[in-house]
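Residue numbers run from 1 in the order of the sequence given.
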Amino acid sequence: MKMIETKGLTKYYGKSRGIIDLDLSVEQGEIYGFIGPNGAGKSTTIRLLLGLITPSSGQAAVMGRDCVRERTQILSETGYMPSEAMFYDNLRVKEVIDLSAKLHKKNCKKEAARLYEPTSGLDPLMQKEFFSLLAERNREGATIFLSSHVLSEIQRHCQSAAIIRDGRLIVSDSVEALSRTSARRVEIHGIKQPPAIDGIVDIDCGPDSVRFLYQGEMQALIASLSGLGIEDLSISEPDIEEIFMHFYNGGGAGNGLV
Ligand SMILES: Nc1ncnc2c1ncn2[C@@H]1O[C@H](COP(=O)(O)OP(=O)(O)OP(=O)(O)O)[C@@H](O)[C@H]1O
């Protein structure tokens, strides 16, 4: 069963854009990441899923229930923890999670779906506790929808994810597919400028080294380096933050990774 499904979901606040034409699909039992910068539309989407606001157009369903007509049932079966909950300093993470469940249902183990906007204001130890509790709830059967602007967090804890920017879906896929790229992070010591070939972005020149992202034939890169007096060379996979920054910025919906 689809735990969350939206089709063409759109919300305008007067004339200002909330989200536009959002299609999401979250399977039962997933920990699903929802990634986007500030103002992208993450909270708007969650408020729509909980039926707290009504869409301008399009549909949304949680556990097969319509988010407008069946909002009361959705609220009684879903846990929601907004990021602001973390500002109650004297509550422990577990207490906040359980409180959000108890607000709606006595036995949180039976709870079917949970929506979180969690980690602002959490110190690293609390974050660790938070994610281990989420994993525990997930093992008990809860589907988790985790909204965040921290990509590495999503990469570590989610199976699938959607990336949203300026109110629109950029891409949704398994985290593994989202992290896959042919681009490489290259660091070279002994030169001050990158080699003169195509496919080089994000150049960072040091006094005796240069770092960049390279997308292209490895042979072409190696050939371009010959005779440059290189002392050391390392080639590694870029992390998901770099992939997002350099290969999703400016892309439209449906763009695949490089
Ligand atoms: N009540 C409101 N009235 C008018 N505009 C709003 C309202 N709530 C949100 N917006 C606008 O909708 C857009 C999406 O905001 P939203 O809060 O959903 O983004 P977000 O991704 O959750 O951001 P953040 O990570 O900062 O919480 C923004 O441009 C925001 O200014």
_Between S25 and E5, is the side-chain hydrogen bond (donor to acceptor under 3.5 Å, both in side chains) condition met? List the steps._
CA-CA 5 Å; S25 176; E5 193 163 31; 4.7 Å; no

*Between Y80 and I46, is a side chain to side chain contact (heavy atoms under 4.5 Å, CB included) present by the stated rule, with each step listed?*
CA-CA 9 Å; Y80 168 49; I46 288 182; 3.4 Å; yes

*Assess whether side chain to side chain contact (heavy atoms under 4.5 Å, CB included) is satisfied between E187 and R185, documenting all intermediate values.*
CA-CA 7 Å; E187 181 163 352; R185 165 65 59 194; 5.9 Å; no

*side chain to side chain contact (heavy atoms under 4.5 Å, CB included) between S174 and Q159, intermediate numbers included*: CA-CA 6 Å; S174 69; Q159 290 107 34; over 6 Å; no

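Looking at E27 and K2, a side-chain N of the basic residue comes within less than 4.0 Å of a carboxylate O on the acidic one, giving a salt bridge. By the 4.0 Å N-to-carboxylate-O rule, D202 lies too far from R211 to be salt-bridged with it.
Side-chain contact between S160 and V175 is absent, with no heavy atoms from C-beta onward closer than 4.5 Å. In this structure the side chain of V62 reaches within 4.5 angstrom of the side chain of T78, judged on heavy atoms. Proximity of L9 to I19: side-chain heavy atoms (C-beta onward) are separated by under 4.5 Å at one or more points. F145 places a side-chain heavy atom less than 4.5 Å from the side chain of I4. In this structure the side chain of P195 reaches within 4.5 angstrom of the side chain of L221, judged on heavy atoms. You'll find the side chain of C205 reaches within 4.5 Å of the side chain of P194, heavy atoms only. Side-chain contact between S224 and Y214 is absent, with no heavy atoms from C-beta onward closer than 4.5 Å. The side-chain heavy atoms of I188 and L225, taken from C-beta on, include a pair separated by under 4.5 Å.
Note that OG1 of T44 is 8.5 Å distant from NZ of K11, once rounded to the nearest 0.5 Å. Taken to the nearest 0.5 Å, the CD1 atom of I74 stands 10.0 Å off from the CZ atom of R69. If you take OG on S147 and CD1 on I35, they are separated by 10.0 Å, rounding to the nearest 0.5 Å. Atoms CD1 and OG, from I164 and S172 in turn, are 11.5 Å apart once rounded to the nearest 0.5 Å. Here OG1 of T72 is found 10.0 Å from CZ of R65. Values are rounded to the nearest 0.5 Å. Between atom OG of residue S57 and atom CG of residue D21 there is a gap of 7.5 Å, rounded to the nearest 0.5 Å.
The two residues F34 and G41 have their closest heavy-atom pair at CE2-O, 4.4 Å. Considering all non-hydrogen atoms of both residues, R184 and P238 come closest at CA-CD, 4.0 Å. Taking all atoms of both residues into account, the shortest heavy-atom contact from I20 to R168 is CG2-NH1, 3.5 Å. When all heavy atoms of R47 and Y13 are compared, the closest pair comes out as NH2-OH, 3.0 Å. Residues D23 and L169 approach most closely at O-CD2, 3.4 Å, considering heavy atoms. When every heavy atom of R17 is checked against every heavy atom of G39, the shortest pair comes out as NH1-O, 3.0 Å.
Annotation: Q73, atom CD; neighbour count of heavy atoms from other residues, nucleotides and ligands within 6.0 Å is above 12. By the neighbour-count criterion of 12 heavy atoms within 6.0 Å, atom CD of E231 is densely surrounded, having more than that number from other residues, nucleotides or ligands.
Side chain of S56 to backbone of Y12: a donor-acceptor contact under 3.5 angstrom is found. Of the possible polar contacts, none joining the K7 side chain to the L24 backbone as a donor-acceptor pair under 3.5 Å is found. A distance-only check finds a donor-acceptor pair linking the side chain of N138 to the backbone of G29 [under 3.5 Å]. In this structure a side-chain-to-backbone donor-acceptor pair under 3.5 Å is present from R71 to G51. Between the T10 side chain and the G58 main chain, no donor and acceptor come within less than 3.5 Å of each other.
M63 and V26 fall within the same hydrophobic cluster, defined by Ile, Leu, Val, Met, Phe, Trp and Tyr side-chain heavy atoms under 4.5 Å apart, directly or through other members. V68 and L75 fall into different hydrophobic clusters, where Ile, Leu, Val, Met, Phe, Trp and Tyr residues are linked whenever their side-chain heavy atoms come under 4.5 Å apart, directly or through other members.
Relative ring orientation between F131 and H157 is described as parallel, the plane-to-plane angle staying below 30° on a 0-90° scale split at 30° and 60°.
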